[in-house]
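Just so it is clear, the values below take in all heavy atoms, side chains as well, and ignore hydrogens, waters and symmetry mates. Chain letters run A, B, ... following the sequence lines, proteins first, then strands; residues in each count from 1. Just so it is clear, the structure is predicted and the values come from calculations on it, not from any experiment.
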2 protein chains.
Amino acid sequence: MRLSTKGEYASRAMLELALRFAAGPQHIRDISAAQDIPERFLEQILLQLKRAGYLRSRKGPQGGYFLSRPPEGISVADVIRVMDGPLAPIDCVSVTAHEICPKEDGCVLKGLWKETRDAIASILERTTLADLVERSRSSRKKTSTRNRH
Amino acid sequence: MRLSTKGEYASRAMLELALRFAAGPQHIRDISAAQDIPERFLEQILLQLKRAGYLRSRKGPQGGYFLSRPPEGISVADVIRVMDGPLAPIDCVSVTAHEICPKEDGCVLKGLWKETRDAIASILERTTLADLVERSRSSRKKTSTRNRH
DNA sequence: AAGTTTGCCTATTGAGTAAGTCGACTATTA
DNA sequence: TAATAGTCGACTTACTCAATAGGCAAACTT
């Protein structure tokens with residue numbers, strides 16, 4: 001039940017972009033540095049997220065990446081599905097990659113996998129980047145009040 | 001968030017063994033046939049589950065595998081952990097493979113992964129092989145009354 | 001217009017894992 | 001003692017993951 005490194009990096013990068021949403025385009029290099037993600041690897045990840053429609057970009061100096069819509073409109077599930085595919089533990093219970101199970105009869109395990117899928121999806125779908133930003137800001141306030149820019 | 005084939009096969013095999021728990025040792029071959037799992041592959045899986053303490057075996061004619069304790073005492077989480085390792089999406093929130101996160105401060109995502117892990121674990125830990133057997137029997141009764149042996 | 005900055009795209013690599021196969025060995029029982 | 005069945009380790013094949021690299025295209029600067 002593992003999340004790929006790519007999926008984790010993508011989540012972190014999107015969070016970073018959500019945190020700086022108001023500040024306009026962000027360079028790959030800066031996101032890479034802020035979140036400690038290999039630059040060339042991050043490049044591919046952002047590109048993938050762009051192709052999926054969650055990011056837009058601008059070239060040249062003052063260029064960079066930015067969310068294609070406000071953080072409220074993008075869930076963690078959206079991000080992970082782009083990077084890692086369906087959330088379901090196995091395909092026969094996936095909503096996005098539904099595949100007919102040859103063993104239709106009394107496959108009790110199928111019910112269990114579906115339950116699992118729904119539990120995962122319900123958490124990741126209702127959690128938006130805006131939620132993460134909010135949590136991030138409130139936890140930062142509690143621990144220390146440093147405002148690095 | 002994928003379950004490996006091995007994890008799925010293991011679950012199916014254990015369910016099969018739970019269904020036939022009263023009948024004594026079951027041959028690899030029969031489990032393989034009943035659940036449509038490659039025989040030599042299943043061999044390894046059962047061996048692994050044996051080493052983990054969930055199965056016992058007997059050699060020679062009338063030999064085979066059987067659960068080391070009643071189906072109530074083995075959860076699906078137990079089985080999957082043997083085959084695929086920790087249930088957690090990433091190691092820093094795993095109970096079994098806990099690893100210190102270098103980015104301690106305000107890692108909001110960590111909270112989310114933990115929530116996800118707990119949701120998965122709660123389902124798979126409370127579901128025992130006995131539960132699956134029960135569900136299997138009641139659903140079999142509903143759809144048809146064929147009793148293949 | 002030239003040059004710099006930045007993202008865009010494709011290919012490649014190296015490591016590791018996943019899924020499955022194989023051959024020989026050992027214990028049990030008829 | 002022959003047949004049955006599990007045990008063990010090695011091997012294979014294909015694929016995926018994580019990352020790197022090279023050149024291209026757009027945009028901004030001077």
Side-chain angles (χ1 to χ4, degrees), chain A residues 1-13 17 23-33 35-68 80 82-86 89-91 97, chain B residues 1-13 16-17 20 23-33 35-68 80 82-86 89-91 97:
Chain A
M1 306 298 250
R2 222 142 213 73
L3 182 67
S4 73
T5 311
K6 221 169 165 180
E8 206 216 322
Y9 285 169
S11 307
R12 298 225 304 262
L17 284 169
Q26 300 291 322
H27 304 318
I28 297 180
R29 196 181 322 112
D30 295 344
I31 303 170
S32 155
Q35 288 289 336
D36 196 37
I37 301 168
E39 199 175 323
R40 299 303 300 265
F41 195 23
L42 180 59
E43 183 187 309
Q44 295 180 49
I45 292 169
L46 296 179
L47 203 47
Q48 231 175 306
L49 287 164
K50 180 191 171 169
R51 289 194 182 120
Y54 298 111
L55 292 180
R56 294 179 58 201
S57 63
R58 250 177 42 199
K59 290 186 178 180
Q62 264 80 295
Y65 278 96
F66 51 99
L67 303 182
S68 66
I80 289 180
V82 170
M83 308 312 297
D84 288 9
I90 63 176
D91 280 344
Chain B
M1 306 300 251
R2 223 145 211 72
L3 183 67
S4 72
T5 310
K6 221 168 167 180
E8 206 216 322
Y9 285 168
S11 308
R12 297 225 304 260
E16 194 66 28
L17 283 169
R20 308 187 184 201
Q26 300 294 321
H27 305 317
I28 296 181
R29 196 179 322 109
D30 294 344
I31 304 170
S32 156
Q35 288 289 336
D36 195 37
I37 301 169
E39 199 174 324
R40 299 305 298 266
F41 195 22
L42 179 60
E43 180 188 310
Q44 294 181 48
I45 292 169
L46 295 179
L47 204 46
Q48 232 175 305
L49 287 165
K50 181 191 173 174
R51 291 195 181 118
Y54 298 111
L55 292 180
R56 295 178 58 200
S57 63
R58 247 176 45 199
K59 290 186 176 182
Q62 264 80 295
Y65 278 96
F66 51 100
L67 303 183
S68 65
I80 290 180
V82 170
M83 309 311 298
D84 289 10
I90 63 176
D91 282 342

Check: Want to settle it: does A:Lys59 or B:Gly63 sit nearer the 5' end of DNA chain D, counting the closest nucleotide to each?
Finding: B:Gly63

Next item on the list: Would you tell me if any nitrogen or oxygen in the side chain of B:Thr5 comes within less than 4.0 Å of OP1 or OP2 on C:dA19?
Entry: yes

Check: Does a nitrogen or oxygen in the side chain of B:Arg51 sit under 4.0 Å from OP1 or OP2 of D:dC8?
Finding: yes

Item checked: Nearest-nucleotide 5' precedence on DNA chain C, A:Leu46 against A:Pro61 -> A:Pro61

Notebook entry, point to check: Does the side chain of A:Leu55 come within less than 4.5 Å of A:Gln48's, by heavy atoms?
Noted result: no

Checklist line | Separation of D:dA19 P from A:Met83 CE (nearest whole Å) | finding: 12 Å

Check: Starting at CD1 of A:Ile80 and ending at P of D:dC17, how long is that distance when rounded to a whole Å?
Finding: 14 Å

Item checked: d(CZ, B:Phe41; C1', C:dT17) in whole Å -> 11 Å

Next item on the list: Using a cut-off of strictly less than 4.0 Å, decide whether B:Arg58 has a side-chain nitrogen or oxygen near OP1 or OP2 of D:dA5.
Entry: no

Next item on the list: Kindly point out which of C:dC9, D:dG22, C:dT6 is positioned nearest to the side chain of A:Leu47?
Entry: C:dC9

Check: So how far is it from A:Gln62 CD to A:His27 NE2, rounded to the nearest 0.5 Å?
Finding: 7.0 Å

Next item on the list: Return the value, rounded to whole Å, for the distance between atom CD1 of B:Ile28 and atom P of D:dT4.
Entry: 15 Å

Notebook entry, point to check: C:dC9 C1' sits how many Å from A:Lys50 NZ, rounded?
Noted result: 11 Å

Notebook entry, point to check: Between A:Gly60 and A:Ser4, which is nearer to the 5' end of DNA chain D once each is assigned its nearest nucleotide?
Noted result: A:Ser4

Notebook entry, point to check: Just how far, in rounded Å, is P of C:dC9 from CD1 of A:Ile45?
Noted result: 16 Å

Next item on the list: Please work out if B:Gln26 contacts a base, only the sugar-phosphate, or nothing of the nucleic acid, heavy-atom cut-off 4.0 Å.
Entry: sugar-phosphate

Check: Roughly how many Å is it from CG in A:Asp30 to C1' in C:dT6, rounded to a whole number?
Finding: 11 Å

Checklist line | Listed nucleotide nearest any side-chain atom of A:Glu43, set D:dC8, D:dA5, D:dG22 | finding: D:dG22

Check: Is the shortest heavy-atom distance from the side chain of B:Lys6 to the side chain of B:Ile37 under 4.5 Å?
Finding: no

Margin query: Taking the nucleotide of DNA chain C with the nearest heavy atom to each, does A:Gln62 or A:Gln44 sit closer to the 5' end?
Written below: A:Gln62

Check: Could you state the CG-P distance from B:Leu3 to C:dA18, rounded to the nearest angstrom?
Finding: 11 Å

Next item on the list: Using a strict 4.0 Å threshold on nitrogen-to-oxygen distance, state whether B:Glu16 and B:Arg12 make a salt bridge.
Entry: no

Check: Would you say B:Tyr9 reaches C:dG20's phosphate, i.e. side-chain N/O to OP1/OP2 under 4.0 Å?
Finding: yes

Item checked: With A:Ser57 via side chain to side chain donor-acceptor pair (under 3.5 Å) - residues at least two apart -> A:Lys50

Margin query: Please classify the nucleic acid contact of B:Gln48 as base, sugar-phosphate, or nothing, using heavy-atom distances under 4.0 Å.
Written below: nothing

